[in-house]
Student: 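Sharing a structure here in structure tokens format.
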2 protein chains.
Amino acid sequence: MKITYKGDYALKAMLELALRYEENSDSIIPINEIVKFGDMPKKFLEQILLTLVRAGFVKSKRGSGGGFYLARSPKDITIGEVIRLIEGPIEPIACVKEGYHGCADVRTCILRNVWQEVAQGISVVVDTITFQDLVGRYKAKTRSSSYEYII
Amino acid sequence: MKITYKGDYALKAMLELALRYEENSDSIIPINEIVKFGDMPKKFLEQILLTLVRAGFVKSKRGSGGGFYLARSPKDITIGEVIRLIEGPIEPIACVKEGYHGCADVRTCILRNVWQEVAQGISVVVDTITFQDLVGRYKAKTRSSSYEYII
DNA sequence: TATAATATGACTAAGTTAATCATATTAGTC
DNA sequence: GACTAATATGATTAACTTAGTCATATTATA
Ligand code: FES
Ligand code: FES
């Protein structure tokens, strides 16, 4: 029932890329700008971005003037996809792990059913929110928070 | 997004106690029977039961003829309470941890909102299922699975 | 008093998390 | 073409968490 920093950083990085994608879908974002946006350790973020690249969410360009950018439109990527990539399955089940045989009789295991219901509850949220949605929420928030400053 | 063995074992132990509570609310269950029910390491289970005792879900009786039993009726204990005790808060949020200052401006942090929605999705499941419910489900399952054997 | 049980704290091995370090590679710029 | 600014990638590591074990104390009953 927890998200690791790795997942947190991955989502923030994707959000930054999505924000920039909205501005200009061709722009390439150097890692330093992503670091700045999310206040993340650069070297750790490199690893995470590499994972995102290999999974096909992000593309990278090497060399001077290089950086990262979204491989697909933010509206076609849900946060659930990224969470699953980084954190593994959302099912909070222990018994599927290697070397654990679970209940003597799986058919009588009601906990597994509970975990399935929990997973569904999580899925309803994370599999319906796209990064475009996040961008929208972000903009709404920053706008209203600017008002607060002014007023 | 995961349950540890500790949580898994705690729920199984509570379920066994709830099953026995239904039979006879005064009966005291020695730890060995709980171990047998859930196929759990005895010494580890002792730790877990101690936690459950201290939290007031379970009572223990020492000495020969001793063991464990539910402190309250199974219908008054939700699995969410036990999960929170063992696993901590259900919110899958990383930034509340010690020493992590989170986003520069918390008001613009939309991830926190997402985690709150996820927590709500989980809560709807785990905070509505009591151990009495689990007992009911368990009995229904074992009944139908017995049929399968007979047929 | 012997025995069967839980209570409790200390300890530990293995795995995971959150990084860092070192080095290679690539693509522009001068 | 050399230099430089960037990512790519693998190896390594410190800290923490998990999943236990070990040793011992305490208690209640027979
Ligand atoms: S806990 Fe997984 S089969 Fe029962
Ligand atoms: S990630 Fe928690 S305040 Fe933004």
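Below, read A as the first sequence line, B as the second, and so on, with proteins coming before strands; counting in each chain starts at 1.
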Student: Answer yes or no: does a side-chain N or O of B:Thr4 lie under 4.0 Å from OP1 or OP2 of D:dA19?
Tutor: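 The answer is yes; a side-chain N or O of B:Thr4 sits under 4.0 Å from OP1 or OP2.
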Student: So which atom in A:Phe131 and which in A:Ala18 form the shortest heavy-atom distance, rounded to 0.1 Å?
Tutor: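 The answer is CB-CB, 4.1 Å.
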Student: Say you draw a straight line from CG of A:Asp8 to CZ of B:Arg112; how long is it, rounded to the nearest 0.5 Å?
Tutor: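 Interatomic distance, A:Asp8 CG to B:Arg112 CZ, rounded to 0.5 Å: 10.5 Å.
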Student: Search all heavy atoms of A:Ile86 against all heavy atoms of A:Ile48 and return the closest pair with its distance.
Tutor: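 So the two residues come closest at CD1-CG2, 4.4 Å.
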Student: Do A:Lys139 and A:Val135 come within less than 4.5 Å of each other through their side chains, counting heavy atoms only?
Tutor: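 Contact flag for A:Lys139/A:Val135 side chains = yes.
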Student: If you compare all heavy atoms of B:Ala55 against all heavy atoms of B:Leu85, which two are closest, and at what distance to 0.1 Å?
Tutor: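 Scanning both residues completely, I find the closest heavy atoms to be CB-CD2, 3.5 Å.
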Student: If we fit an axis to the first five pairs and another to the last five of the helix from C:dT1-D:dA30 to C:dC30-D:dG1, what angle do they make, to the nearest 10°?
Tutor: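 Here the local axes at opposite ends form an angle of 10°.
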Student: Between A:Glu46 and A:Lys43, does the salt bridge (charged side-chain N to carboxylate O under 4.0 Å, His left out) criterion hold? Intermediate values first, please.
Tutor: CA-CA 5 Å; A:Glu46 279 180 18; A:Lys43 284 293 176 181; 3.5 Å; yes
Student: Closer than 4.0 Å, any side-chain N/O of B:Tyr9 to the OP1 or OP2 of D:dG20?
Tutor: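 Indeed, a polar side-chain atom of B:Tyr9 lies that close.
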Student: Inspect the contact between A:Arg20 and A:Glu33 and indicate whether a charged nitrogen and a carboxylate oxygen are less than 4.0 angstrom apart.
Tutor: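 Looking at A:Arg20 together with A:Glu33, the answer is yes, because their closest N to O distance falls below 4.0 Å.
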Student: Using only heavy-atom distances, determine whether the side chains of B:Glu87 and B:Thr4 contain a donor-acceptor pair under 3.5 Å.
Tutor: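 Judged by distance alone, the side chains do pair up.
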Student: Starting at NZ of A:Lys12 and ending at P of C:dA18, how long is that distance when rounded to a whole Å?
Tutor: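 Whole-Å distance recorded here is 12 Å.
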Student: Restricting to pairs with a member in residues 12-38 of chain B, which pass ring-ring contact (aromatic ring centres under 6.0 Å, His included), not counting sequence neighbours?
Tutor: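 ring-ring contact (aromatic ring centres under 6.0 Å, His included) check on residues 12-38 of chain B returns no pairs.
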Student: Which distance, rounded to the nearest 0.5 Å, do you find between the CG of A:Leu19 and the CG of A:Leu134?
Tutor: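 Spacing of CG (A:Leu19) from CG (A:Leu134) equals 9.0 Å.
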Student: Is there a side-chain contact between B:Met14 and B:Leu70 (heavy atoms, below 4.5 Å)?
Tutor: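 Yes. Closest side-chain heavy atoms under 4.5 Å.
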Student: Could you pull out the closest heavy-atom pair between B:Lys61 and B:Ile28, with the gap in Å?
Tutor: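 Smallest heavy-atom distance, with atoms named: CD-CD1, 3.4 Å.
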Student: Heavy-atom contacts under 4.0 Å between residues 54-63 of chain A and DNA chain C, which residues?
Tutor: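 Going residue by residue through residues 54-63 of chain A, the ones with a heavy atom under 4.0 Å of DNA chain C turn out to be A:Lys61, A:Arg62, A:Gly63.
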Student: Do the non-hydrogen side-chain atoms of A:Val58 and A:Ser60 ever get within less than 4.5 Å of each other?
Tutor: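 No, side chains not in contact.
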Student: Which pairs, protein N/O on one side and nucleotides 21-23 of chain D N/O on the other, fall under 3.5 Å?
Tutor:
unit_1 : atom_1 : unit_2  : atom_2 : d
D:dT21 : O4     : B:Gln47 : NE2    : 2.8
D:dA23 : N6     : B:Lys43 : NZ     : 3.4

Student: So which of residues 19-33 of chain B are in contact with DNA chain C, with a heavy-atom cut-off of under 4.0 Å?
Tutor: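 Correct list: B:Pro30, B:Ile31.
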Student: Can you pull the side chain to side chain donor-acceptor pair (under 3.5 Å) pairs that have at least one residue in residues 117-128 of chain A, sequence neighbours excluded?
Tutor: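 Those involving residues 117-128 of chain A are A:Arg84-A:Asp127, A:Glu117-B:Arg137, A:Ser123-A:Asp127.
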Student: Could you check how far OH of A:Tyr5 sits from C1' of C:dT17, rounded to whole Å?
Tutor: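 Computing the A:Tyr5:OH to C:dT17:C1' distance gives 11 Å.
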Student: Roughly, in whole Å, what's the span from NZ in B:Lys2 to P in D:dA19?
Tutor: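 Value for this atom pair: 7 Å.
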Student: Let me know the distance between CD1 of A:Ile3 and P of C:dA18, rounded to the nearest Å.
Tutor: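 Between P of C:dA18 and CD1 of A:Ile3: 10 Å.
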Student: Write down the distance between CG (B:Asp8) and P (D:dT18), rounded to a whole number of angstrom.
Tutor: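 It works out to 14 Å between those atoms.
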Student: Could you tell me how far apart A:Ile86 (CD1) and C:dA19 (P) are, to the nearest whole angstrom?
Tutor: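 Atom CD1 in A:Ile86 sits about 14 Å away from atom P in C:dA19.
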Student: How many whole angstroms separate atom CG of B:Leu45 from atom C1' of D:dT18?
Tutor: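 Distance check: B:Leu45 CG to D:dT18 C1' gives 16 Å.
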Student: Taking atom C1' of D:dT18 as reference, at what distance in whole Å does atom CE of B:Met40 sit?
Tutor: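 So the two atoms are 17 Å apart, to the nearest Å.
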